[in-house]
Amino acid sequence: MVFSLSLKLNGSDALDIMGAGATFPKALYNDAIFAYRFAQSDVSITYLATGSGGGKTRIKDGDKQTPDEYGEPYNIDFAGSDSLLSNSDYASCPDLQMYPAVAGAVVPIFNLPEFTEAKVSLVLRTETVAKIFASEISNNLISTKILQGLNTTIKLFVRYDKSGTTEIWKKSLSAVSQRFKISIGEDSSNKWNKTDPNVYNMREGNDGVASAVLATPYSMGYSVLGNALDLELPVPELLTGTSSKPVVASTESVEFAVSEKGLDFGNNGDDPERLTADVHAASGSLAWPMVGYTYLVMRKKTLRNGASCEHRKATMKFWNWFHQSSTARNLARIHGFSPLPEIVRAKVLGRLRSDIVCQDKAVYSSEDEEIISGATVPLFLSTLHILGEAYSQVDSTALVQVDKACAWVVV
């Protein structure tokens, strides 16, 4: 089923900018792209949520890659990724560069009817979460401990696709459990220490895991905070370290983690010039422990097939707006993300503006600042955009278009 909500701002042909990659920030990027059309109506930006692996492959290989289930576009102007590029990626494409876009929380999610009905919060130690997802605690024992003797099996849902969300999740749990690190590992793959479907039930994408937990009583999984908020899935409060006060997953607790670790580029063993950092396992008592950057990935000098310097300029202009616009930053918070703190944003924007060139000339211009405080998307139009995505589950034949004067045309 397909629903299309298009914004008709003028009759001119728009410049097409194409991105693909991580599902972690999908909803945020889609809403930011929608809002951007009010500030820059002659640019059309699309973002294909393939997962981090699909985005990294596209930005490296373009149409030389082996076709995957997501299809075109293969030639893209930018990628999104929550997982890091490898040393071999940098070796094969030396002008690849990652730039933090926003920080977000990965959260355990659960569907335990007794807790929902009683409106009682579930509080877990981070180490206990690691034991559950390493299958060190049997499902019936989980039930006994959490549900006080109720004899039912709790299903665990995990990602089966290569996922930056999974990488953040695994790294966060590995930081508190050496046994989890040894048996499960820290990478973005779907490799778990057991393949018994009674232990791990695999789903595609964050939406897939979250929807499965929502539909399955007595289940647990992990997803991004935005998905949990959208689906009203409960998230456990977590006890970290020696703290006796649990921390709640929120934009604020993500911001505490980023403030503590977000500028420490290279704390993960990467070259600091790569602008990557581990933001999980912050020690502050107010910081959510499962946090990671989602990154913009670009080629500093290389144009995609079919692109011109105008495409590079338009891509740069969008990301400059994304980092500085109050509209984009507010959208980030609405979706459960933390915009970059000022000191981190200044570092990232400085590098982005100097790195991205076309024909050996920087594509950033001070004129790009003119749209930062320009038109913002009316709140009800943004709401209609979100409702339009949800309506895809109802009617596959309707095409709804909204023009700037708010005239509706339904076909």
Side-chain angles (χ1 to χ4, degrees), residues 24-25 28 82 100 102-112 115-116 118-134 136-137 142 145-146 156 164-178 180-181 186 206 209-210 213 220-264 267-268 277-294 329 332-341 344:
F24 192 21
L28 166 60
D82 319 316
V102 290
V106 180
V107 296
I109 51 179
F110 66 90
N111 182 345
L112 302 175
F115 278 82
T116 304
K119 297 182 179 180
V120 175
S121 296
L122 175 61
V123 180
L124 295 173
R125 287 206 164 274
T126 314
E127 295 87 346
T128 302
V129 179
K131 289 180 179 180
I132 291 171
F133 281 85
E136 290 181 30
I137 303 177
I142 299 171
K145 284 181 173 292
I146 293 177
L156 297 180
T165 303
T166 296
E167 183 170 310
I168 295 169
W169 177 252
K170 288 181 177 180
K171 283 183 174 180
S172 299
L173 297 183
S174 292
V176 297
S177 170
Q178 187 66 18
F180 183 96
K181 184 175 182 178
E186 298 180 297
N206 290 317
V209 172
V213 172
M220 298 183 73
Y222 61 92
S223 192
V224 298
L225 177 58
N227 282 122
L229 294 174
D230 290 343
L231 295 176
E232 299 183 356
L233 276 166
V235 174
E237 298 176 16
L238 294 181
L239 288 168
T240 62
T242 59
S243 174
S244 60
K245 184 178 180 180
V247 61
V248 177
S250 66
T251 300
E252 291 76 17
S253 60
V254 173
E255 289 176 348
F256 277 112
V258 177
S259 296
E260 179 181 329
K261 303 188 71 173
L263 194 59
D264 192 10
N267 66 1
N268 53 7
D278 283 340
V279 195
H280 63 270
S283 60
S285 61
L286 299 177
W288 186 253
M290 302 163 179
V291 174
Y293 278 137
T294 188
R329 293 171 68 79
R333 293 187 177 97
I334 288 170
H335 285 285
F337 289 94
S338 166
L340 301 184
V344 180

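- In this structure the side chain of Met290 reaches within 4.5 angstrom of the side chain of Thr126, judged on heavy atoms.
- Remark: Ile168 CD1 to Thr294 OG1 distance equals 7.0 Å, nearest 0.5 Å.
- At distances below 3.5 Å, at least one donor-acceptor pair connects side-chain atoms of Tyr293 with backbone N or O atoms of Gly262.
- Judged purely by atom type and a 3.5 angstrom limit, Asn111 uses its side chain to pair as donor or acceptor with the backbone of Val213.
- For the atom pair NZ of Lys170 and NZ of Lys181, the computed distance is 13.5 Å after rounding to the nearest 0.5 Å.
- Scanning all heavy atoms of the two residues, the minimum distance from Lys261 to Ala282 falls at CD-CA, 3.8 Å.
- The line from CZ of Phe133 to OH of Tyr222 is 8.0 Å long, rounded to the nearest 0.5 Å.
- Scanning all heavy atoms of the two residues, the minimum distance from Ala130 to Val176 falls at CB-CG2, 4.3 Å.
- Under a 3.5 Å cut-off, the side chain of Asn267 and the backbone N or O of Ala277 do not form any donor-acceptor pair.
- Side-chain contact check for Leu238 versus Leu124: some heavy-atom pair is nearer than 4.5 Å.
- Nearest heavy atom pair, residue Val291 against residue Val254, reads CG1-CG1, 3.9 Å.
- Under a 3.5 Å cut-off, the side chain of Glu167 and the backbone N or O of Asp82 do not form any donor-acceptor pair.
- Between Pro25 and Phe337 the shortest side-chain heavy-atom distance falls below 4.5 Å.
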TODO: Could you please spell out the steps behind the side-chain contact (heavy atoms from CB on, under 4.5 Å) verdict for Val129 and Trp169?
DONE: CA-CA 11 Å; Val129 179; Trp169 177 252; 3.6 Å; yes
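- The shortest side-chain heavy-atom distance between Arg333 and Pro339 falls under the 4.5 Å cut-off.
- In terms of modelled atom types and a separation under 3.5 Å, the side chain of Arg329 and the main chain of Ser338 share no donor-acceptor contact.
- By the 4.5 Å heavy-atom criterion applied to side chains, Asn227 and Leu233 are not counted as neighbours.
- Contact detail for Ile109 and Ser223: the closest heavy-atom pair is CD1-CB, 4.0 Å.
- Remark: side-chain polar atoms of Trp288 are paired, donor with acceptor, to backbone N or O of Val106 under 3.5 angstrom.
- The OG atom of Ser283 sits 12.5 Å away from the CZ atom of Phe256 when rounded to the nearest 0.5 Å.
- Taken from CG in Leu225 to NE2 in His335, the straight-line distance is 11.5 Å, to the nearest 0.5 Å.
- For Glu127 and Lys131, the salt-bridge test fails: no basic side-chain N is under 4.0 Å from an acidic carboxylate O.
- The CD atom of Glu237 sits 10.0 Å away from the NZ atom of Lys245 when rounded to the nearest 0.5 Å.
- Side chain of Glu186 to main chain of Ser174: no donor-acceptor pair is present (N/O by atom type, distance under 3.5 Å, no hydrogens or angles).
- Between the side chain of Ser253 and the main chain of Val248, a donor-acceptor pair closer than 3.5 Å is present.
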